[in-house]
There are 4 protein chains.
Amino acid sequence: MGDGSARREQIIAIATRLIASRGYSSTTVRDIADEAGILSGSLYHHFASKEAVLQEILRTFMDDTLSHFERIVASGGSHREHLDQLIEHAFLTIEQRPDEVRIYQNETGFLMTQPGFEFLVDGAARIEELWIEQITAGQCDGVFRDSVDPRLAFRFIRDAVWSTVFWYRPGGRHTASSVSANYLELLHSGLLAS
Amino acid sequence: MGDGSARREQIIAIATRLIASRGYSSTTVRDIADEAGILSGSLYHHFASKEAVLQEILRTFMDDTLSHFERIVASGGSHREHLDQLIEHAFLTIEQRPDEVRIYQNETGFLMTQPGFEFLVDGAARIEELWIEQITAGQCDGVFRDSVDPRLAFRFIRDAVWSTVFWYRPGGRHTASSVSANYLELLHSGLLAS
Amino acid sequence: MGDGSARREQIIAIATRLIASRGYSSTTVRDIADEAGILSGSLYHHFASKEAVLQEILRTFMDDTLSHFERIVASGGSHREHLDQLIEHAFLTIEQRPDEVRIYQNETGFLMTQPGFEFLVDGAARIEELWIEQITAGQCDGVFRDSVDPRLAFRFIRDAVWSTVFWYRPGGRHTASSVSANYLELLHSGLLAS
Amino acid sequence: MGDGSARREQIIAIATRLIASRGYSSTTVRDIADEAGILSGSLYHHFASKEAVLQEILRTFMDDTLSHFERIVASGGSHREHLDQLIEHAFLTIEQRPDEVRIYQNETGFLMTQPGFEFLVDGAARIEELWIEQITAGQCDGVFRDSVDPRLAFRFIRDAVWSTVFWYRPGGRHTASSVSANYLELLHSGLLAS
DNA sequence: GATGAATGAGGCTTCATTCAT
DNA sequence: CATGAATGAAGCCTCATTCAT
């Protein structure tokens with residue numbers, strides 16, 4: 001478990017694509033095996049179970065995302081810059097690893113209650129903490145308006161940003177960074193004129 | 001089919017609750033029948049299929065939501081008032097019919113591609129149209145800032161607002177209307193001070 | 001049971017048509033009830049069971065056919081005339097009551113082994129007896145060739161004749177009586193020239 | 001699918017026997033699996049569906065029968081000899097593969113209208129063509145009487161011959177070849193003396 | 001590592017039938 | 001006579017998983 005043979009990584013890649021497009025419970029072990037060119041039983045030489053595949057996908061995603069976020073807030077810059085960078089990194093992730101984001105967005109709600117997926121709860125909590133720290137600190141600095149509840153602001157931003165994964169398609173009207181810029185402007189200054 | 005006997009409505013209510021909490025594909029016909037106190041085969045006296053139950057749930061939800069939205073934009077008031085009322089009605093719906101909203105949010109992405117669920121595509125398109133009209137008209141009025149892309153603004157708001165259904169719990173720190181007020185303020189004026 | 005209300009006869013007529021075209025086991029009680037404009041449960045006010053419907057269809061058919069055959073052999077005329085008349089009556093039946101013939105041909109093989117359908121075994125035996133008597137007597141008369149086995153000749157004729165129900169369609173290339181005439185000629189004189 | 005492992009062939013053999021005696025729709029997947037000593041779900045490791053089993057049975061039967069018929073008419077000999085050989089081969093098939101013949105006779109009428117069974121329609125048409133060619137050519141040769149309609153003669157023979165499968169039992173009063181000889185004599189010369 | 005065969009549990013659905021109203 | 005609701009058995013099929021080879 002966890003050693004990265006080429007086969008394993010190929011299977012993870014296939015599973016990620018399939019689960020993202022069909023959902024975890026509608027993706028069968030045979031679907032994955034078929035695309036890997038092996039029989040479904042043979043998958044069990046690489047993974048202990050279907051759930052283990054999902055765990056590995058989500059754990060990798062969560063680890064990467066969290067460590068990026070940690071690096072951002074540990075870097076030099078103002079709290080406002082940090083918040084903007086967190087948002088920009090989210091959009092970058094959506095562009096570069098949309099399948100993982102989709103899986104995370106779709107399956108995480110139910111999975112968080114399941115044994116073996118505690119790392120999702122922990123990771124989400126840590127992320128919430130990191131973001132809220134930036135907002136709260138930015139309010140202390142007088143950069144962010146005091147009247148907004150930091151927790152609500154965090155969820156507002158988080159949900160608006162990550163949800164774009166469901167409709168953003170590269171090559172369409174917008175690039176990830178144009179969406180990012182628009183969202184940031186709206187978030188910074190609001191919808192009302194003057 | 002479609003006529004609302006008491007039993008039918010009771011079954012719809014049970015199915016709505018179960019599907020909202022477990023997901024459609026993880027909710028079995030037996031789960032629903034068990035809670036209704038009948039055998040699973042007996043469900044087919046009331047509904048043609050498991051999918052027909054889901055269709056009825058979503059169609060009712062879509063019809064109700066859409067007609068409310070239509071009534072709002074047809075009423076007197078400025079475009080800004082209309083947009084605020086649309087948002088407030090969404091929060092009201094989340095408070096009053098959270099299970100239906102959850103089902104819509106969770107299942108709709110996949111279902112929109114399935115035969116028999118075209119009404120979801122049509123309804124979503126009509127809703128997008130209604131909302132975007134308010135934003136665009138508000139920009140003409142000079143009430144909303146011109147620099148935001150109306151379509152992006154719509155999706156930003158829509159995703160932020162409807163996603164609250166996944167974490168909002170009545171009786172917690174916030175009421176639906178306090179969340180609504182906070183979100184409206186953030187949306188109107190943005191996060192930055194001054 | 002057995003009293004001939006209008007409803008009963010209507011149901012028998014519908015069932016005959018449906019069973020003839022789909023087969024007994026593929027015709028559902030609901031199919032029949034639907035066409036009768038009632039609910040499937042209501043059929044049980046008229047018939048004890050689905051099987052009872054089939055029994056009534058086949059019993060009527062067998063009774064009518066047998067009594068016609070008895071009348072033919074009891075009438076004046078040579079044995080050869082009798083045999084021809086038996087055959088002609090079969091073709092007439094195929095033309096006038098094709099659904100019943102189809103049901104008989106399709107279902108009878110299995111049903112003969114089932115309790116409640118002994119009348120089919122008895123009727124078929126009596127028919128075989130009647131026909132074979134004509135053939136045997138005709139051989140005694142010197143009208144039919146001695147070298148043919150009467151039992152085999154009977155089955156040869158019976159199977160060739162009744163099977164036409166599966167392909168004969170009124171309004172096509174042939175009328176029932178032209179088929180009848182052709183078959184009789186072939187049977188009488190054989191295929192070889194001179 | 002289509003490759004003939006030993007297990008597959010064993011299952012086909014079992015299914016053939018069961019379907020011949022009970023009919024397709026009255027033979028359950030469990031019946032077949034039980035006799036094969038496996039669970040019903042395990043059948044789906046070998047066949048895609050119950051219908052696929054039936055298709056394979058009938059396709060094999062049709063292919064074999066058709067290729068035999070083609071070989072007969074391609075061989076040396078007169079048209080009359082060819083026709084006799086076609087009939088004799090049918091009786092041989094009834095003796096050697098009665099279950100397949102029974103299935104073909106029982107199920108084919110309905111199946112010909114079903115998607116996936118077009119090969120039955122095509123095969124039956126090709127067989128009809130082959131047989132009718134012999135009859136027509138024999139008429140040109142002056143061997144067969146001109147007054148019979150070749151198409152009707154074909155159906156007369158076909159139905160009389162293949163129907164014997166429903167009553168012929170090896171070890172009874174007749175052998176397949178004695179039935180064959182009797183039928184041929186009756187067909188050649190007819191029933192009338194002189 | 002992979003195959004091929006199987007398990008066992010469970011999924012959705014159908015259907016003849018019953019019965020209170 | 002008919003409805004409406006339900007039963008209970010059974011049907012076909014799916015799927016994660018196991019294991020001998």
Side-chain angles (χ1 to χ4, degrees), chain A residues 5-8 10-11 24-34 36-54, chain B residues 3 5-8 10-11 24-33 36-53, chain C residues 5-8 11 24-33 36-54, chain D residues 3 5-8 10-11 24-33 36-53:
Chain A
S5 79
R7 208 46 161 158
R8 269 183 76 87
Q10 182 201 6
I11 291 168
Y24 174 69
S25 79
S26 300
T27 302
T28 71
V29 166
R30 246 194 85 186
D31 290 338
I32 299 168
D34 281 355
I38 56 178
L39 291 179
S40 67
S42 306
L43 271 184
Y44 290 81
H45 289 290
H46 302 282
F47 296 93
S49 67
K50 184 186 172 190
E51 206 180 78
V53 176
L54 180 60
Chain B
D3 69 294
S5 81
R7 203 74 172 106
R8 267 183 78 87
Q10 185 196 359
I11 291 167
Y24 174 68
S25 78
S26 301
T27 302
T28 72
V29 163
R30 197 137 43 209
D31 290 338
I32 299 168
I38 56 178
L39 292 176
S40 69
S42 303
L43 270 185
Y44 290 79
H45 183 63
H46 302 280
F47 298 93
S49 66
K50 183 188 173 190
E51 204 181 83
V53 176
Chain C
S5 79
R7 206 51 161 153
R8 270 183 75 87
I11 291 167
Y24 174 68
S25 77
S26 299
T27 302
T28 72
V29 166
R30 246 194 85 184
D31 290 336
I32 299 167
I38 56 178
L39 293 178
S40 66
S42 305
L43 271 184
Y44 290 80
H45 288 290
H46 301 283
F47 296 93
S49 67
K50 183 186 172 189
E51 206 181 79
V53 176
L54 180 61
Chain D
D3 71 293
S5 81
R7 203 73 172 109
R8 267 182 77 87
Q10 186 197 359
I11 291 168
Y24 175 69
S25 78
S26 300
T27 302
T28 72
V29 163
R30 196 137 44 209
D31 291 337
I32 299 168
I38 56 178
L39 291 176
S40 69
S42 303
L43 272 184
Y44 291 80
H45 183 64
H46 302 281
F47 297 94
S49 66
K50 183 188 172 189
E51 205 181 82
V53 177

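Order of the sequence lines fixes the chain letters, A, B, ..., with proteins taken first and strands second; residue numbering starts at 1 for each chain.
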Handout entry: Listed nucleotide nearest any side-chain atom of D:V29, set E:dA5, F:dC12, E:dT13
Key = F:dC12

Fill in the blank from the handout: Winner on side-chain proximity to C:H45, out of F:dC1, E:dG11, F:dT14, is F:dC1

Practice task
Enumerate, in order of first residue number, the stems that involve DNA chain F, defined as 3 or more consecutive Watson-Crick or G-U wobble pairs with both distances under 3.5 Å.
Solution key: E:2-21 with F:2-21

Problem - Comparing C:T27 and B:E51 on DNA chain E - which has the more 5′ nearest nucleotide - result: B:E51

Problem - Selected nucleotide, minimal atom distance to C:T28 side chain, candidates E:dA16, F:dT3, F:dA6 - result: E:dA16

Exercise for the section: State which of E:dC15, E:dG4, F:dT3 makes the closest approach to the side chain of C:S42. Expected result: F:dT3

Practice task
Could you work out which one of E:dT17, F:dC13, F:dT17 sits closest to the side chain of D:Y44?
Solution key: F:dC13

Exercise for the section: Check whether any side-chain nitrogen or oxygen of B:R30 sits under 4.0 Å from OP1 or OP2 of E:dG11, and answer yes or no. Expected result: yes

Problem - Side chain of D:S40 (C-beta onward), nearest among F:dA5, F:dC13, E:dA16 - result: F:dC13

Practice task
Taking only the side-chain heavy atoms of B:S49 (C-beta and beyond), determine which of F:dG11, E:dT13, F:dC1 contains the nearest atom.
Solution key: E:dT13

Handout entry: Side-chain N or O of B:R8 closer than 4.0 Å to phosphate OP1/OP2 of F:dA5
Key = no

Practice task
In whole angstrom, give the distance that lies between atom CG of C:L43 and atom P of F:dT3.
Solution key: 10 Å

